[in-house]
Protein chains: 2
Amino acid sequence: MTDRPLLPLLDDRPRERSDAARNRAALLRAAQEIAESCGYDAVTMDAVAAKAGVGKGTVFRRFQSREGLMGALLDASESEWQASVMTGPPPLGPGAPPMDRLLAFGRSRLDIVLQHADLIRNAGFGGAVRSYAAYSFTATHVRYLLGELGVQGDIAMLAVALMAPLELPILDQQVHIERIDVDRVYAGWVDLARRITRPA
Amino acid sequence: MTDRPLLPLLDDRPRERSDAARNRAALLRAAQEIAESCGYDAVTMDAVAAKAGVGKGTVFRRFQSREGLMGALLDASESEWQASVMTGPPPLGPGAPPMDRLLAFGRSRLDIVLQHADLIRNAGFGGAVRSYAAYSFTATHVRYLLGELGVQGDIAMLAVALMAPLELPILDQQVHIERIDVDRVYAGWVDLARRITRPA
DNA sequence: GCTCTAAGCGGACCATGGTCCGTTTATATT
DNA sequence: AATATAAACGGACCATGGTCCGCTTAGAGC
């Protein structure tokens, strides 16, 4: 769980003041701890502020909103996952054949999304499904793999088609409402991946 | 915009008292009117209650929550759409070849979801993407068409794969954030439909 | 028409997300 | 070190979703 930004793109923004940085860290830690011990419902802005020993205004200045705070928590764990895609062991990481990597990607996303379901739900995908940076990373990765597989057509759209069934709202419906077994969901996704990548 | 339930399944619940029914209608109308004239942000529970001339408690008893109220509004317009699938003119309605119907389904969903984006966002897919009844209907329809097309495999899963890219969170990302043209999104979906239904 | 009761009703009340603005402080500059 | 200033801070304050509970009433049974 690192606190560096996803895809550390060079930002020209003036660096954060040291007290600000300290508070950001304290707030994230406080939120995390409350979530772990009492669940996400207990992560109220007042509680986080109190636990971190700062005023409520500070929480909002740092994270804009409750969703923003949750999003920050989520991004931290997403960046761990990104690392395992970029530099981790195959088949998720580099080194394996593209199709193996694609299937590993699917399984990995399926697991991680369900695992962080609460957090994702609280991060509240207000409009988007998750932070633009996080979405962007997976999209780029899938497009890359489809390219390696020699898939013809509008690869960006096909990538979306592969990612969409792995997003929480859809998985929630299947796994938590219709009680479909996760392995069956994965098998269905593998079938989808095969059909999408299969040459005409 | 009818106020009958989607898929009017026989319910054994004791019928709603007449004053309750009257209030439900008044509340829906009030919410609708406020939304039309001032946007969904102005649809606060207090405002709706006031406009309908009832107490706030009544709004909550009828619709449980703000999301519930929005959901009711949404269901009303969904049932219009359902009617056009079940009894409307081809190719969306019955009569056209299955593939034509499938493609018409996609276009129609795409348009209607984007058109009602605000409402859907406010209905807040809290967990699920939309009401179970509404989801269920589209799922059944797509599975039926895939069956007619003689598609082999886990049809339920393939149906999900076709519906997922048409849900708001995904379309929002593409259309409103990445500014992808709607026609391109549709073309991508058609390609997906072809790949999924293409025989091995 | 009268009675009884479950359902419905209203609006005060609470919790929490989010804003505002006067005060404090880190840091760049001299 | 002194100064200036933009940034950060805190917590009172507001709006709104959601709950609660004592009062009212529709309508079934007589």
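This structure is a prediction, so every number in the text was calculated from the model and none was measured. A, B, ... follow the sequence lines: proteins, then strands. Residue 1 opens every chain.
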Whole angstrom is fine here: how far is it from [atom1] in [X] over to [atom2] in [N]?
X: D19(B); N: dA28(D); atom1: CG; atom2: P; answer: 12 Å
X: Y40(B); N: dT16(D); atom1: OH; atom2: P; answer: 18 Å
X: R66(A); N: dG18(C); atom1: CZ; atom2: P; answer: 9 Å
X: K56(A); N: dC21(C); atom1: NZ; atom2: P; answer: 17 Å
X: E16(A); N: dC9(D); atom1: CD; atom2: C1'; answer: 14 Å
X: F63(A); N: dT19(C); atom1: CZ; atom2: P; answer: 16 Å

- Task: Nearest-nucleotide wise, let me know which of R22(A) and S65(A) is further upstream toward the 5' end of DNA chain C.
- Result: S65(A)
- Message: To check you understand the geometry: which heavy-atom pair defines the closest contact between A164(B) and I170(A), and what is its length?
- Response: CB-CG1, 3.7 Å
If you compare every side-chain N and O of [X] against the phosphate oxygens of [N] (OP1, OP2), does one of them come in below 4.0 Å?
X: R62(B); N: dC9(C); result: yes
X: S18(B); N: dG27(D); result: yes
X: T58(B); N: dG8(C); result: no
X: N23(B); N: dC9(C); result: yes

- Task: Consider the side chain of F60(A), meaning its heavy atoms from C-beta on, and name the nucleotide among dG11(C), dG17(C), dC9(D) that approaches it most closely.
- Result: dG17(C)
- Query: Out of dT16(D), dA26(C), dG18(D), which nucleotide sits closest to the side chain of T44(B)?
  - Reply: dT16(D)
- Item | Under 3.5 Å: donor-acceptor pair, side chain of R24(A), backbone of E16(A) | no
- Is a side-chain donor or acceptor of R101(B) paired with a backbone partner of V85(B) at a separation under 3.5 angstrom? yes
- Task: Give a yes or no on whether F60(B) atom CZ has more than 12 heavy-atom contacts from other residues, nucleotides or ligands under 6.0 Å away.
- Result: yes
- Query: Hey, is the side chain of R17(A) pairing donor to acceptor with the base of dA7(D) inside 3.5 Å?
  - Reply: yes
- On a plain distance test, is the side chain of R61(A) in donor-acceptor contact with the base of dA8(D) below 3.5 Å? no
- 5'-most by nearest nucleotide on DNA chain D - M45(B) or G57(B): M45(B)
- Which residue lies toward the 5' end of DNA chain D, A21(A) or D46(B), if each is placed at its nearest nucleotide? A21(A)
- Query: In terms of ring plane angle, is the pair W81(A) and F137(A) parallel, tilted or perpendicular, where the classes change at 30° and 60°?
  - Reply: perpendicular
